[in-house]
Every structure is written in C-alpha cells, then in structure tokens.
A.B. asks: 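I have a structure here, written as structure tokens, and I will follow up with some questions on it.
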Number of protein chains: 2
Amino acid sequence: MHNKSCIMRLSRYRSALTNLKLLNFNRVFSDNLADAAGVTSAQVRKDFSIFGLAGNRRGGYLLDDLIAQLDKILGKDKIQKFIVIGAGNMGRALLNYPGFEKNSIKILAGFDMDQSKFAPNAEIPILPLEKVKDFIAKNTIQFAIICVPVLAAPQVSEILISAGIKGILNFAPIRLKEHEHCVIENINLVTELENIIYFVNAIEKSSTG
Amino acid sequence: MHNKSCIMRLSRYRSALTNLKLLNFNRVFSDNLADAAGVTSAQVRKDFSIFGLAGNRRGGYLLDDLIAQLDKILGKDKIQKFIVIGAGNMGRALLNYPGFEKNSIKILAGFDMDQSKFAPNAEIPILPLEKVKDFIAKNTIQFAIICVPVLAAPQVSEILISAGIKGILNFAPIRLKEHEHCVIENINLVTELENIIYFVNAIEKSSTG
DNA sequence: TAGATTGTTAATCGATTAACAATC
DNA sequence: TAGATTGTTAATCGATTAACAATC
C-alpha cells in the first residue's frame, strides 16, 4: 500500500493532465508535468514507475493513455456514490458543487436533523438523518462527507460506520480517528487558514527583523 | 522557518486543547494531547521544545498557558482580516461559516463578477470584483480565499497579489504556484475525495485478493 | 548516429521515533 | 525518596532527489 502524499500527487497529475489536454497537448514529458503539478521531474518518473505507468524514452508519455490509467488507479472508471451529512452552508455548497459530476463523483442525497432543511423532492434530496442507514443500504453507498457541527460529528461518524460507510471526508473541526473499517480524512478550515497566517507572519518577521 | 506539517500540528494541538478545556481539564500530559491530536507523545514534546513551550516534569502542561502561547504563535492574538473572491455556493458558505469568528478570523467582504450576486448592504457585503483593489488598500487586508471557477483563478490570484494580498487559500481546482510575495495554499476537493476512494478500494482489494 | 528522455538505483535529506538522563 | 514525566539527543526510517545507464 502506498502513502497518502503519493496518491495525492497522482490525483494532481491527473488534474494537471486534463488541463494540458484542453491546451491540445498529445504528449507530455516528465518535465512539463512536474512543472504543472509543482513537483520535480524525478518525482513524477518515480511515482509513475511505482504504478507501472510507462512512457517512451524519447517521446514522453501519451496524454490519453496516462489519463486512462490514472483514472483506473483513482477509481474514476466508475461512478463513486456519496452522501452529505449536514445541510448547513457548507453541506449545501457541496451538494451543489459542479466539479464532482465530471469526476465520477456523484452525491445522491443530503441528510440533516433540522426539519426546516428537508427537501425530499429536490434533484438531490435532503432527508431526515434517521433515514440515513436505510438509504446507505438501499443504494450501496460507500462514501460520506460530514458537515455537521463539531459536537455532533463523532456520533454521526459512528452511525455512518455502523451503517457500512467505508470512507469519510470530515469538515467538522474535530479530528475523527482512523477506524478499522473506514478511511477518514479530516479537513479543518481554521487550521488551513492558521497555517497561511503563520507563514505570512513568519516571512514578515524575517524580512523586518 | 519551520515546515508546514509542524505548523499544522500546532494548530491541531490548539484545537484539541480547547476541546479538553471544555471537559474541565487544567493540565495535560504529552500523552493525552498526542492521543487527542492523533500523533505520538514524542512528537508533541519535540514540537513544543522547538517553539519553547515548556511544561513541568511531573505535572505536564498548564492548559491556559499552552493555549495562550499557541495563540501567539499562530497569530490568534489579533484579528486576521480576510476577503472571499467568488460568491458561488462555496464562497457564500465560507462567508457564513460560524467557526471563523471565535478563532480571530474575520471575513470583511465577498467579491464577484456577477451582478446578481451583489449585496452591498448585507452584514458581510458582496461587492463587484473591480472594487477589490481599493477595498484591500482601504482595509489593509492581507488574506484572501479564492472560490472562483478554475479558468478565472490564475487571473484572480494575479489581481490579489498585485493589490498586496500576502496569503491565499485557493479552492479552485488548479494549483496556483507559490509566489515570491504571497503564501498560497491549495485545497482541491476532488483530490481529497479521490484519495479516500483510492484507499478504500486498496483495502478492499487487499482483503479480497 | 547523435541527442534526448525515461526508468531505476544509490545517495541524500529531513522528519519521526526511541530512549534515557534530568528533574519535579 | 520513589515514581512519573519532560526535554533532548541519537537512531531510525522513509521519502525525495541526483545521477546515469538504457534506449527510443
């Protein structure tokens, strides 16, 4: 099994390659791609060799080939079904995010505890949280995104995991621990901003003092 | 200067500590905190020693002390002013995100090109993009969050940097490159989800095959 | 062929962890 | 004092990079 940053890079390569394709490229060299993805060319070739992605020693890599193979590795050769828990601002933004569909990511429904948020007849329905277990089973959902308040998050993750969810992206500002039967990824918006704030201040201090 | 993951950990420690404080803790041991933040206790002590955060060899660390010192390091001892560019679903979700204010992060305004999004009299106003430069100058803003479509993102970042923005969090699905005068952090939602999908599939394969 | 790029190995680099002396 | 925890040094580990032979 490979490590997280390696997989994140594969995903970035793919994203960069689709941009290059829009510019009518047919082939790329490790150098081009490295530049677009913000890594070194040695890193690109190393990553590719790990996953058996081969090029031509003189002509680089064929764009279509490469994208197709990355799609397979990243599970983009079939639709991946998601649900969103919590239909607050962030939850609703994700329900309507236009970038998912063209990336084989489909959000089937949202869930909330607050009656005023329900929208059972919307294109992507928002349903009561107590229906989530049934919904997961009926639609064989593997993935969920958590956008509930911090206090609700641990409990919600328990419910999801016991209902059979295998992968969670958590936006609630509490670190949900990795689980034996479920991959969990945490994004903490405040932490991301604090990181930026720190480095801006650090640069200022070092240039001032 | 320290590396990104170290600073991200400091931020996570802080977040974990405020949770422990809610549970009426007065002191923590490196062990407790490590558990709450998902790292080893050696890592906690190492990080603390780098930043001169000292404890008591028998009594661990005083919670209030620790939080106050982390606040200083992370720039939380004063209000950090942000703007949001792009008032689509994601942009508006961030404008209304309740977790920022109690973390010394204040969003002063949103900006968009689409007239139908304007809301100059809202509590957090949404203004025309062409006013962004003036607004940044007048309000001495250092930080921005980009939530515009992928094609607009590079141009928007240029505008912001030339207007004096020093730190950017970018949600558009294109990697904006680090800039001499500006710290840039990219979050690509699709990449995060692809990462989860990959590891769920990898686990399934390894347990099946 | 000559030139350029891949694929891979070995070297480097840095971050994490283990271990333990200091000390409360 | 005995016991427990910090603070720090040295060892380990793994990821990144440099370099170059293979080859198109």
A.B. asks: If you pin A/Asn56 and A/Arg9 to their nearest nucleotides in DNA chain D, which one's is more 5'?
C.D. replies: A/Arg9
A.B. asks: Requiring both pairing distances under 3.5 angstrom, list the stems that contain DNA chain C and are made of three or more consecutive Watson-Crick or G-U pairs.
C.D. replies: C:3-24 with D:3-24
A.B. asks: Set out, in order, the CA-CA distance, both residues' side-chain angles and the distance that settles side chain to side chain contact (heavy atoms under 4.5 Å, CB included) for A/Gln142 and A/Lys81, then state yes or no.
C.D. replies: CA-CA 7 Å; A/Gln142 289 194 99; A/Lys81 291 180 280 185; over 6 Å; no
A.B. asks: Among A/Gln80, A/Lys76, A/Arg14, which one satisfies side chain to side chain donor-acceptor pair (under 3.5 Å) with B/Glu194?
C.D. replies: A/Lys76
A.B. asks: So B/Arg27, base contact, sugar-phosphate only, or nothing? Heavy-atom distance under 4.0 Å.
C.D. replies: nothing
A.B. asks: Quick one: on DNA chain D, does B/Asp31 or A/Arg45 contact a more 5' nucleotide (nearest heavy atom)?
C.D. replies: B/Asp31
A.B. asks: Between A/Arg27 and A/Asp65, is there a salt bridge with N-O shorter than 4.0 Å?
C.D. replies: no
A.B. asks: So, for B/Phe82 and B/Phe100, is the gap between ring centers shorter than 6.0 Å?
C.D. replies: no
A.B. asks: Which residue lies toward the 5' end of DNA chain C, A/Lys46 or A/Arg58, if each is placed at its nearest nucleotide?
C.D. replies: A/Arg58
A.B. asks: Which nucleotide span of DNA chain C, 5' end to 3' end, has atoms closer than 4.0 Å to non-hydrogen atoms of chain B?
C.D. replies: C/dA15 to C/dC24
A.B. asks: Under the side chain to side chain donor-acceptor pair (under 3.5 Å) rule, what pairs show up with a residue in residues 53-64 of chain A, not counting sequence neighbours?
C.D. replies: A/Lys21-A/Asp64
A.B. asks: For residues B/Phe111 and B/Phe135, establish whether the separation of their ring centroids is below 6.0 Å.
C.D. replies: yes
A.B. asks: Using a 6.0 Å cut-off, check whether atom CE of A/Met113 has over 12 heavy atoms from anything other than its own residue.
C.D. replies: no
A.B. asks: Applying a 4.0 Å non-hydrogen cut-off, can you work out what A/Tyr61 is touching in the nucleic acid: base, sugar-phosphate, or nothing?
C.D. replies: sugar-phosphate
A.B. asks: Determine, for A/Asp47 against A/Arg9, whether the closest basic-nitrogen to carboxylate-oxygen distance falls under 4.0 angstrom.
C.D. replies: yes
A.B. asks: Base, sugar-phosphate alone, or nothing: which one does B/Ser30 contact when heavy atoms must sit under 4.0 Å apart?
C.D. replies: sugar-phosphate
